[in-house]
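First the structure, in the form of structure tokens, and then the observations on it.
What you are looking at is a predicted structure, and each value in this text was computed from that prediction instead of being measured.
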Amino acid sequence: MPTETLEFQVEARQLLQLMIHSVYSNKDVFLRELVSNASDALDKLRLEKLRDDSLRADVDDLHIEIDIDSDARTLTVRDNGIGMSYDEVGQLIGTIANSGTAKFLQELREAKDAAGAEGLIGQFGVGFYSGFMVADEVTLVTRRAGEAQGTRWTSRGEDTFTLEPADDAPQGTSVTLHLKPADPENQLHDYTSPWKIREIIKRYSDFITWPIRMVPERSGAADESDEAPAPETLNSMKALWARSRDEVSDDEYHELYKHIGHDWRDPLETIRLQAEGTFEYQALLFLPAHAPHDLFTRDFKRGVQLYVRRVFIMDDCEALLPPYLRFVKGVVDAADLSLNVSREILQQDRHIEMMRRRLTKKVLSTVKDMMAKDQDRYATFWREFGTVLKEGLVTDAENRDAVLALASFASTHHETELTTLQQYVERMKDGQDDIYYLTGESRQSIENSPHMEAFRDRGIEVLLLTDAVDEVWADAVGEYEGKKLRSVAKGQIDLDTEDDDTADGEREKQTEEYAGLLGWMTEQLDEDIKEVRLSSRLTVSPACVVSDAGDLTPALENMYRAMGQEVPRAKRILELNPGHQLVQGLNQAYKEREDRTELTETAELLHGLAVLAEGGQPKDPSRFVKLMADRLERAL
């Protein structure tokens with residue numbers, strides 16, 4: 001059969017140029033593609049042999065081999081797999097319309113023989129073209145298993161390729177790249193360097209089923225009679241997620257976690273998941289024992305590693321888990337996925353959404369089991385990741401109930417132990433309809449807040465929320481099992497029982513007695529407050545400021561502004577304690593004096609003290625300090 005020079009199909013020619021110049025962002029992936037093609041060829045031979053016992057093919061030592069010649073600047077990737085016939089080489093590499101894998105699968109389906117059919121991925125032609133990114137010329141030598149005649153294909157990646165017989169071709173396929181000169185500035189590395197080959201194989205192809213061996217270079221001065229050194233196996237082939245649980249030790253799982261999680265400590269929990277059916281994938285996920293220091297930074301790399309049939313596709317695949325589970329590490333290995341031609345970009349489709357939902361529910365159910373069966377480990381998890389998990393209460397409405405069931409909060413019920421909302425509801429007093437909470441910077445500042453006084457006196461439990469996200473999720477959730485979530489620093493709080501006629505009468509009497517003072521103070525402080533009213537939540541402090549029921553709290557306003565969202569500043573409400581001597585004296589002075597200049601300053605000071613008591617600061621700190629100093633001076 002004579003040598004033929006043929007032109008690439010138009011589409012193939014265009015794809016070649018895209019491959020060389022723009023499809024791949026990282027030139028290293030050429031080796032991933034060639035190794036993946038070789039792995040496919042080995043899979044195909046194994047299946048073909050199972051289907052046809054009479055096939056004359058050697059399947060005793062199926063493997064992939066990498067051979068480097070630094071003097072000639074060549075890199076060869078060879079396999080002893082299914083190989084290709086003369087016609088197949090022209091069809092598969094000269095065009096992109098045909099896919100060897102797709103055609104092979106179709107034949108299996110037509111033969112109704114599905115045993116292992118899903119073990120094939122990729123399109124030979126497309127991945128093969130990536131070699132031209134790093135090579136001036138590519139030579140392919142192949143012989144189909146069971147045939148005697150081999151084929152040699154050669155091209156410089158331009159318009160044409162040559163086909164000719166290769167009588168000495170062994171079973172399988174070898175691809176030899178005549179490498180371009182190294183150019184580090186353009187990310188074109190020296191691919192004759194053994195350490196670079198090891199690095200690429202470890203990153204992209206470590207879990208390939210078949211052994212990947214690198215043949216050591218022979219020294220030019222070595223005697224021909226010297227025994228050739230043994231090839232080095234580069235990949236571990238330990239895809240732990242593909243093996244049954246009883247075949248893998250905890251130490252092996254922990255070692256994998258440390259490798260992919262860049263952590264020197266063992267994980268807190270290992271999660272296995274295997275989905276079968278129309279869309280198959282396996283997942284091996286880990287819950288770390290400690291939160292990384294950059295968990296809440298903008299540059300934190302989140303997401304698990306994505307593989308397709310044990311071939312590494314991408315790190316930090318954000319599409320597979322929601323942001324509030326960004327601390328989860330691990331591997332997801334799918335049978336097939338919608339990837340772009342370079343396999344570097346994940347296309348959004350229903351399979352991705354299915355995986356995301358299933359993985360999310362699996363992580364949450366694992367934490368739920370931990371909560372029920374191992375409180376110590378759950379306590380560690382919540383201490384490290386509770387803050388970020390609560391983001392799901394705002395962003396993931398579908399799983400909000402599941403996240404809420406896992407959440408634990410500090411409360412006035414116990415000084416150190418946390419409580420769930422379910423436990424809070426079970427302890428609620430008779431007649432209590434709401435779940436009360438208060439947000440703040442620390443437990444100590446919340447417990448010392450004036451807003452807590454009446455609740456403390458009446459023994460009503462209050463959740464003490466100290467994370468920034470608590471300001472947001474409490475409003476977003478709204479209620480739990482029909483019980484409304486209410487901030488003790490917002491709106492009117494009435495802790496009196498409905499049949500307490502004495503309290504109602506006393507309140508009406510106080511309202512009438514203080515009506516003049518309240519109206520006057522509202523006018524004097526109009527720039528800063530919406531209203532001055534009597535308080536039912538104060539027992540010790542003279543005053544406090546609260547937000548109206550529908551308004552944003554100052555902390556939430558500041559949070560939105562920090563995110564670049566400008567929100568109007570809401571006026572707040574000043575509440576006075578009618579049982580405090582300062583308030584009683586102020587009311588008496590208001591009634592007796594016509595000149596209320598000093599009383600205006602007293603009202604201003606009272607408002608400033610209330611703002612300070614909740615952890616804020618007066619609008620004009622220097623004026624507040626001057627007024628306070630003047631009063632102290634006169635008191636001496």
Inset, instruction - For S39 and I64, run side-chain contact (heavy atoms from CB on, under 4.5 Å): C-alpha distance rounded to whole Å, both residues' side-chain angles, the deciding distance at 0.1 Å, then the answer. - result: CA-CA 7 Å; S39 177; I64 301 165; 4.3 Å; yes
Legend entry - N-O pairing of D206 and R198 below 4.0 Å: no
Legend entry - Side-chain heavy atoms of N26 within contact of Y204, under 4.5 Å: yes
Inset, instruction - Using salt bridge (Lys or Arg N to Asp or Glu O under 4.0 Å) as the criterion, list what pairs up with D266, not counting sequence neighbours. - result: K258
Legend entry - Option among L284, V248, L285 that satisfies the side chain to side chain contact (heavy atoms under 4.5 Å, CB included) test with W241: L284
Inset, instruction - Of all the heavy-atom pairs spanning A334 and Y281, show the shortest one and how long it is. - result: CA-CB, 3.8 Å
Inset, instruction - Using a strict 4.0 Å threshold on nitrogen-to-oxygen distance, state whether D67 and R78 make a salt bridge. - result: yes
Inset, instruction - For residues R203 and Y307, report the shortest heavy-atom separation together with the two atoms involved. - result: O-OH, 4.3 Å
Inset, instruction - Start with the C-alpha distance between K202 and E199, add both sets of side-chain angles, then the distance that settles salt bridge (Lys or Arg N to Asp or Glu O under 4.0 Å), and finish with yes or no. - result: CA-CA 5 Å; K202 192 70 176 176; E199 176 193 339; over 6 Å; no
Inset, instruction - Mark yes or no: R265 above the aromatic ring of Y257, with NZ or CZ under 6.0 Å from the six-membered ring centre and no more than 45 degrees from the axis. - result: no
Inset, instruction - Grab the two heavy atoms, one from A291 and one from E384, that are nearest each other, plus how far apart they are. - result: N-OE1, 2.9 Å
Legend entry - Sidechain N-carboxylate O distance under 4.0 Å for K196, D28: yes
Inset, instruction - Kindly write out the residues that satisfy salt bridge (Lys or Arg N to Asp or Glu O under 4.0 Å) with D61, not counting sequence neighbours, or none if the list is empty. - result: R213
Inset, instruction - Determine the minimum heavy-atom distance between K238 and E252, stating which atoms define it. - result: NZ-OE2, 4.1 Å
Legend entry - R245 CZ: over 12 foreign heavy atoms closer than 6.0 Å: yes
Inset, instruction - Report the residues that fulfil side chain to side chain donor-acceptor pair (under 3.5 Å) with N235, sequence neighbours left out, ordered by chain and then residue number. - result: none
Inset, instruction - Determine the interplanar angle of the F132 and F128 rings, folded into 0 to 90°, and report it as parallel if under 30°, tilted if 30 to 60°, perpendicular if over 60°. - result: perpendicular
Legend entry - Sidechain N-carboxylate O distance under 4.0 Å for R73, D136: no
Legend entry - Least distance between heavy atoms, T360 atom then P322 atom: OG1-CD, 3.1 Å
Legend entry - Crowding at CG, D58 (>12 non-hydrogen neighbours, <6.0 Å): yes
Legend entry - Identified side chain to side chain contact (heavy atoms under 4.5 Å, CB included) partner of I82 from the options E88, E48, Q171: E48
Inset, instruction - Apply side chain to side chain contact (heavy atoms under 4.5 Å, CB included) to E247 and list each qualifying residue two or more places apart in sequence or on a separate chain. - result: R243, S244
Inset, instruction - Output all residues satisfying salt bridge (Lys or Arg N to Asp or Glu O under 4.0 Å) with R377, sequence neighbours left out; order by chain, then residue number. - result: E269, D374
Legend entry - Residue pairs involving residues 162-191 (criterion ring-ring contact (aromatic ring centres under 6.0 Å, His included); sequence neighbours excluded): F30-Y191
Inset, instruction - For the pair S205 and I212, evaluate side-chain contact (heavy atoms from CB on, under 4.5 Å) and give the outcome as yes or no after the intermediate values. - result: CA-CA 9 Å; S205 307; I212 303 170; 3.8 Å; yes
Legend entry - Minimum heavy-atom distance between L177 and A135, given as atom pair plus value: CB-CB, 3.8 Å
